[in-house]
**Q** 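Attaching a single structure in structure tokens format; questions to follow.
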Amino acid sequence: MFKKLLISSFIMLGASTLVQAQEPMDAQYFEQLNYKEAVLTANSLYRNDQGIVVKVLPNKITASFANGSSASVAIPQDQFFLSIAPFLSQTHPCTNHVPTGCTGELVGEKMHMSAIDVATGEEILNQMVTTQPDGFIDFWVPRDRKLAFTFHHGDKNGVYREAKEVISTDENSRTCITSMKLLAKNDQPATESKHSHH
């Protein structure tokens with residue numbers, strides 16, 4: 001009898017733990033995350049129906065919740081977050097990325113990209129990437145640099161396009177890059193964007 005009771009109490013405990021794990025996320029939970037986990041969690045909450053809004057600033061990731069509570073996670077001083085949405089025809093003005101709401105035009109598109117430090121010529125990134133379900137691609141890059149980003153994209157019709165922009169990664173820089181239009185190759189030289197903040 002005692003053994004049966006013990007087993008049933010373990011089953012009950014397991015069930016309550018499972019229910020707890022499925023409860024909506026709150027500020028206390030968010031603040032326990034590290035900076036990379038906070039962004040991944042925010043991406044998983046894209047267009048959520050829980051009223052959670054996450055924004056990535058140059059120095060921290062902030063989250064606000066439907067009950068009025070809020071949380072923030074600091075970004076290390078040597079790191080900078082960029083979320084880039086290369087586009088063909090549709091974009092939106094953006095300063096600080098909102099992973100729970102910002103939407104780019106191209107979803108699930110493969111492209112090659114590189115990023116070079118303008119001052120030193122060091123190649124920071126050189127890889128194939130795929131745009132996320134929100135149409136963006138996330139990068140963690142060194143802070144306080146000017147990086148020349150280039151994206152190459154070939155569509156199903158064999159049209160080859162390129163987008164270039166020099167992006168700053170300092171305390172006043174954008175974390176949301178929606179100004180990189182994919183154009184026929186050699187159409188546009190790499191220039192530093194004078195994107196207006198909103």
Side-chain angles (χ1 to χ4, degrees), residues 35-50 52-58 61-63 75 79-118 123-143 145-170 173-198:
Y35 66 106
K36 288 188 176 179
E37 290 169 344
V39 169
L40 290 173
T41 300
N43 284 341
S44 75
L45 293 166
Y46 176 60
R47 291 190 167 175
N48 71 86
D49 57 4
Q50 300 168 47
I52 303 170
V53 177
V54 180
K55 184 180 281 193
V56 188
L57 306 173
I61 301 142
T62 65
I75 295 172
Q79 293 285 300
F80 195 89
F81 176 81
L82 287 171
S83 199
I84 303 176
F87 71 98
L88 294 172
S89 59
Q90 295 177 354
T91 190
H92 66 280
C94 193
T95 301
N96 294 311
H97 187 54
V98 179
T100 49
C102 281
T103 303
E105 178 187 13
L106 303 174
V107 174
E109 289 286 332
K110 290 184 179 176
M111 53 190 85
H112 179 266
M113 65 75 56
S114 63
I116 294 169
D117 187 310
V118 173
E123 189 172 67
I124 305 294
L125 296 165
N126 186 337
Q127 63 198 53
M128 291 297 297
V129 292
T130 302
T131 53
Q132 299 157 185
D134 61 0
F136 282 79
I137 310 154
D138 293 343
F139 301 98
W140 288 102
V141 295
R143 184 180 287 269
R145 307 276 189 102
K146 283 190 176 178
L147 303 176
F149 273 81
T150 304
F151 287 85
H152 295 123
H153 176 258
D155 67 18
K156 59 187 176 187
N157 300 317
V159 178
Y160 182 72
R161 293 184 175 90
E162 181 179 80
K164 290 187 170 196
E165 187 173 332
V166 175
I167 300 170
S168 296
T169 63
D170 59 45
S173 297
R174 294 172 290 149
T175 62
C176 185
I177 309 299
T178 56
S179 46
M180 294 191 72
K181 184 168 185 172
L182 290 155
L183 299 169
K185 197 175 178 317
N186 299 329
D187 237 21
Q188 180 184 334
T191 54
E192 185 166 4
S193 170
K194 300 297 179 190
H195 188 81
S196 61
H197 289 211
H198 73 95

**Q** Looking just at side-chain N and O atoms, do Glu123 and Ser114 make a donor-acceptor pair shorter than 3.5 Å?
**A** no

**Q** Quick check on side chain to side chain contact (heavy atoms under 4.5 Å, CB included): which of Thr130, Ile137, Asp155, Leu88 does Leu106 satisfy it with?
**A** Leu88

**Q** Taking Glu105's backbone N and O only, do any of them form a donor-acceptor pair with Gln90's side chain (distance below 3.5 Å, no angle check)?
**A** no

**Q** Kindly assign one of parallel, tilted or perpendicular to the pair His152 and Tyr160, based on the angle between their ring planes and the thresholds 30° and 60°.
**A** parallel

**Q** Less than 4.0 Å between a side-chain N and a carboxylate O, is that true for Glu109 and Arg161?
**A** no

**Q** Please check this pair: side chain of Thr175 against backbone of Phe81, looking for a donor-acceptor N/O pair closer than 3.5 Å.
**A** no

**Q** Identify, with sequence neighbours excluded, every residue that meets side-chain hydrogen bond (donor to acceptor under 3.5 Å, both in side chains) alongside Asn48.
**A** none

**Q** Are the side chain of Thr178 and the backbone of His92 linked by a donor-acceptor contact shorter than 3.5 Å?
**A** yes

**Q** Closer than 3.5 angstrom, by distance alone: can the side chain of Ser168 be matched with the main-chain N or O of Ser173 as a donor-acceptor pair?
**A** no

**Q** Using side-chain hydrogen bond (donor to acceptor under 3.5 Å, both in side chains) as the criterion, list what pairs up with Asp138, not counting sequence neighbours.
**A** Asn43, Ser83

**Q** Tell me, please, which residues at least two apart from Arg145 pass salt bridge (Lys or Arg N to Asp or Glu O under 4.0 Å).
**A** Asp117, Glu122

**Q** For Val159, does its backbone N or O pair with a side-chain atom of Asn157 as donor and acceptor, under 3.5 Å?
**A** no

**Q** Do side-chain atoms of Thr100 reach the backbone of Arg47 as a donor and acceptor pair under 3.5 angstrom?
**A** no

**Q** For the ring pair Phe80 and Trp140, is the centre-to-centre distance below 6.0 Å?
**A** no

**Q** Measure from the side-chain N and O atoms of Thr103 to the backbone N and O of Gly101, and report whether any donor-acceptor pair falls under 3.5 Å.
**A** yes

